[in-house]
Protein chains: 4
Amino acid sequence: MPRPIDPALRRARRLQIIDAGLTAFAEHGYAGATTAEICRIAGIGSGTFFHHFPTKNSLLVAILELGVEETIAFFTARDPQRPPRQVLSDYVEHAVGDLADPRAAGFITVVGGLTAHPEIAAALQADEDTTRSRLRDVVAAAQQQGQVRDDLPADRLAVWIMLLVDGFASRVTTGGFDVRTEAPLLQEQVGALLDGPRSTPTTPC
Amino acid sequence: MPRPIDPALRRARRLQIIDAGLTAFAEHGYAGATTAEICRIAGIGSGTFFHHFPTKNSLLVAILELGVEETIAFFTARDPQRPPRQVLSDYVEHAVGDLADPRAAGFITVVGGLTAHPEIAAALQADEDTTRSRLRDVVAAAQQQGQVRDDLPADRLAVWIMLLVDGFASRVTTGGFDVRTEAPLLQEQVGALLDGPRSTPTTPC
Amino acid sequence: MPRPIDPALRRARRLQIIDAGLTAFAEHGYAGATTAEICRIAGIGSGTFFHHFPTKNSLLVAILELGVEETIAFFTARDPQRPPRQVLSDYVEHAVGDLADPRAAGFITVVGGLTAHPEIAAALQADEDTTRSRLRDVVAAAQQQGQVRDDLPADRLAVWIMLLVDGFASRVTTGGFDVRTEAPLLQEQVGALLDGPRSTPTTPC
Amino acid sequence: MPRPIDPALRRARRLQIIDAGLTAFAEHGYAGATTAEICRIAGIGSGTFFHHFPTKNSLLVAILELGVEETIAFFTARDPQRPPRQVLSDYVEHAVGDLADPRAAGFITVVGGLTAHPEIAAALQADEDTTRSRLRDVVAAAQQQGQVRDDLPADRLAVWIMLLVDGFASRVTTGGFDVRTEAPLLQEQVGALLDGPRSTPTTPC
DNA sequence: AATGAATGAGGATTCATTCAT
DNA sequence: AATGAATGAATCCTCATTCAT
């Protein structure tokens with residue numbers, strides 16, 4: 001007697017578990033977070049968890065895939081007319097917005113280096129590749145318009161933007177670092193990165 | 001007639017275990033690294049491990065304390081005559097040197113956010129505080145000599161230097177990021193941070 | 001749609017484990033009994049054990065609490081009209097009945113002196129206090145009715161009844177001591193305790 | 001270059017370890033007491049322990065054998081002229097004297113029921129048999145002199161004397177039981193045991 | 001779909017014992 | 001004799017996962 005399943009409900013339940021997983025992974029790391037705690041946070045039984053995710057592994061992958069989707073959505077929603085350099089600034093602002101949730105910051109730093117499970121490594125790589133290629137395209141466009149230094153390849157600049165954002169995230173988890181207060185300095189650093197070193201001091205005065 | 005115990009041997013054995021721990025933690029994270037694997041890497045029996053470290057926890061703490069000692073040693077060894085701004089550059093170079101060992105980079109990113117175990121959190125905080133206060137002193141000295149912008153407090157600049165180094169570390173673990181190749185760009189970013197935003201082009205000549 | 005959990009099944013499983021624990025503890029002592037053996041006796045997996053009892057410790061406590069409940073049940077079920085002195089005799093008979101199970105006798109003697117774990121010590125004390133206070137009340141009532149010597153306080157006599165029962169239990173575990181054969185002698189000793197020393201030999205004949 | 005070994009020193013060291021073992025066994029039981037703690041109490045290294053006792057097992061056996069020796073010494077030292085009934089009373093007083101050391105009481109109750117290790121079981125049995133046979137002989141002699149009831153076999157009375165002493169010991173470990181205060185009551189109970197039930201009041205005068 | 005009881009492989013840690021010095 | 005470092009089997013307990021209801 002199959003109940004008429006409401007896909008919306010199913011999706012909501014998945015998101016509920018994903019949210020709990022984000023919390024638990026951010027606090028204890030992947031291996032340190034137990035499915036029992038995730039269930040407790042989500043307010044569900046263990047059976048329900050494995051109804052929606054076949055393994056703990058798959059939950060982490062789902063979280064990462066959600067991140068990829070979000071990244072794609074961000075770049076897809078850009079106004080094509082907006083100057084690429086502005087888009088890069090927007091991206092940083094967008095990332096800072098995510099990091100306002102300390103769980104997101106903790107998740108990024110703690111999960112970042114996992115290479116043990118192949119599936120997770122693949123998902124992490126996919127996350128990385130997506131952001132990197134999208135950023136690279138925008139950087140390249142900005143270079144073509146002369147808005148960004150061109151002594152470095154676009155891909156390398158993209159990586160360094162991600163480096164700055166990752167460093168920023170790693171600081172969020174420690175005390176005394178206010179995301180909103182520090183955001184302008186992040187933009188300043190990204191600006192310095194994209195502008196390149198100060199024009200030679202040879203400027204005669 | 002107690003045998004004269006050789007403290008050097010004991011210390012060597014501890015370092016051997018610490019080294020194995022660094023490897024395992026960097027690869028699998030704290031919770032994901034098993035004492036069995038650490039023992040296997042170190043080539044010892046499980047009993048020997050717990051003969052030297054009462055808990056897995058204490059091994060992590062010992063690694064972090066070693067990091068603190070190294071940081072202190074670095075700053076203590078500085079020539080007092082060296083310009084502070086140069087010392088900051090030296091520090092970054094020193095940090096890059098550590099990160100040449102990919103285990104160190106992995107360790108930093110993976111262990112960074114652990115707050116579950118109070119002892120670990122305390123050791124992490126001590127590590128953080130040591131580096132931060134030493135850097136702050138040097139930054140402050142540099143500010144007094146006019147070598148570094150003074151529109152931001154020294155402590156905040158110190159944190160941002162650490163931010164850049166942490167971001168750098170987080171990139172080491174991902175492929176296609178060569179420490180030596182990227183080091184100059186890190187110095188460039190630190191330089192931009194300490195110089196502050198490009199002086200307004202309105203500066204009349 | 002949560003399945004209506006059957007508390008009776010859960011309770012039955014708990015009792016099954018408690019029974020196995022009684023066997024193992026009686027035979028090897030608390031520390032000497034392994035959870036693995038308890039599981040084997042109970043015919044369950046180790047996971048099931050810890051599903052019902054968080055620690056081996058808690059199993060022992062549960063056994064002791066069951067003993068407390070039984071003691072309370074015994075005294076509660078007494079006919080208020082029954083002469084207190086008879087109730088004391090009934091209690092001794094009841095205790096002897098328990099000791100017919102050699103596991104009970106072994107359990108009492110082996111577990112009696114544990115003071116290392118605070119929780120166990122507390123549970124043992126609760127067991128002790130319950131029996132002692134109930135016995136004391138009955139002894140006091142018997143004293144008021146002139147059925148028991150009153151040159152000693154009721155509490156002290158209660159303790160001595162327990163002493164006799166404990167001594168009896170300690171003999172059950174050694175060979176050549178048949179509970180049923182020896183029970184009358186126990187009653188005789190309790191009688192001597194409650195009557196006090198033989199009336200002075202000054203009785204002239 | 002064998003050092004001239006002083007047998008007295010060796011014996012003293014053994015006794016030192018035996019004393020530490022008594023303490024540890026009484027507090028934690030046999031399995032619960034670790035050789036490490038025994039060494040700590042004795043103030044020696046683990047190597048020294050196993051120099052004097054090949055196994056933890058053998059230490060317990062040694063303690064029990066010491067008890068046997070002491071029992072034999074007690075009965076051997078009796079004045080043959082002393083009335084047997086008095087000797088029984090002396091024995092009880094002697095036992096009470098031992099129990100003034102709470103470790104002895106704890107040791108007796110906690111170790112009493114071990115049957116797992118054959119060697120220990122044998123040593124316990126030897127302890128039991130020694131005391132029992134010696135007591136039986138004295139009881140039998142007292143019966144022949146009409147000082148003790150003879151409606152029960154001497155052996156059974158001997159067991160019951162031990163039962164009373166064991167019960168007494170089991171109470172020492174619990175609080176509020178002063179050995180010296182309670183000793184007279186123990187003698188009273190032994191007296192009642194040896195006298196038998198109060199002669200029927202029908203005894204015509 | 002939802003639940004939680006059951007499972008057993010695996011994990012951190014303990015411990016009696018050995019052995020080179 | 002004395003020591004303590006080293007060992008690995010054994011122990012308590014955890015945890016992802018399965019499954020009947």
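Proteins get letters first, then strands, A, B, ... in listed order; numbering begins at 1 in each. On a predicted model such as this, the values are computed, not experimentally measured, just so you know.
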Student: I'd like a table of atom pairs between the protein and nucleotides 16-18 of chain F - only N or O on both sides, under 3.5 Å - with the distance next to each one.
Tutor:
residue	atom	partner	partner atom	Å
F:dA16	OP1	A:Ala33	O	3.4
F:dA16	OP1	A:Lys56	NZ	3.1
F:dA16	OP2	A:Thr35	N	2.7
F:dA16	OP2	A:Thr35	OG1	2.6
F:dT17	OP2	A:Lys56	N	2.9

Student: Anything under 30° is parallel, anything over 60° is perpendicular, the rest tilted; go ahead and classify D:Tyr30 against D:Phe25.
Tutor: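 Because their plane-to-plane angle lies in the 30° to 60° range, the rings of D:Tyr30 and D:Phe25 count as tilted.
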
Student: Under 4.0 Å from OP1 or OP2 of F:dA5: is there any side-chain N or O of B:Arg13 that close?
Tutor: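 Looking at the OP1 and OP2 atoms of F:dA5, neither is under 4.0 Å from any side-chain N or O of B:Arg13.
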
Student: Is D:His51 close enough to F:dA2 that one of its side-chain N or O atoms is under 4.0 Å from OP1 or OP2 there?
Tutor: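 No, outside the criterion.
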
Student: Can you check the B:Arg10 CZ to F:dA6 P distance for me, whole Å?
Tutor: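 After rounding, the reported distance stands at 8 Å.
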
Student: How many whole angstroms separate atom CD1 of B:Ile44 from atom C1' of F:dA5?
Tutor: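 Roughly 11 Å, once rounded to whole Å.
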
Student: By a strict heavy-atom criterion of less than 4.0 Å, which residues belonging to residues 15-27 of chain C are in contact with DNA chain F?
Tutor: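 Heavy-atom contacts with DNA chain F come from no residue of residues 15-27 of chain C; none.
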
Student: In this structure, how many angstroms lie between the C1' atom of E:dT21 and the CG atom of B:Leu9, rounded?
Tutor: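 The answer, rounded to whole Å, is 11 Å.
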
Student: I want to check something: taking the side chain as every heavy atom from C-beta on, are B:Asp19 and B:Arg103 in contact at a cut-off of under 4.5 Å?
Tutor: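 The answer is yes, as the side chains (C-beta and beyond) meet within the 4.5 Å cut-off.
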
Student: Do A:Thr174 and B:Leu124 come close enough that some side-chain heavy atom pair is under 4.5 Å?
Tutor: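 A:Thr174 does not reach B:Leu124 side chain to side chain.
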
Student: Tell me the interatomic distance from C:Phe53, atom CZ, to F:dC12, atom P, rounded to whole angstroms.
Tutor: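 After rounding, the gap between these two atoms is 15 Å.
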
Student: What integer distance in Å separates D:Leu60:CG from E:dA16:P?
Tutor: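 In whole Å, E:dA16 P and D:Leu60 CG are 13 Å from each other.
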
Student: Rounded to whole Å, please give me the gap between NE2 in D:His28 and C1' in E:dC15.
Tutor: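 Distance, rounded to whole Å: 14 Å.
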
Student: Within the structure, does a side-chain N or O atom of B:Thr48 lie under 4.0 Å from either OP1 or OP2 of F:dT7?
Tutor: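 B:Thr48 to F:dT7 OP1/OP2: side-chain N or O found under 4.0 Å.
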
Student: Please report, rounded to the nearest Å, how far the C1' atom of E:dT13 is from the CG atom of B:Leu59.
Tutor: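 The answer, rounded to whole Å, is 14 Å.
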
Student: Rounding to a whole Å, what distance do you find between C:His52:NE2 and F:dC13:P?
Tutor: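 The answer, rounded to whole Å, is 16 Å.
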
Student: What pattern of brackets, bars and dots sums up DNA chain E from 5' to 3', given Watson-Crick or G-U wobble pairs under 3.5 Å, [ ] for crossing pairs and | for another strand?
Tutor: .||||||||||||||||||||

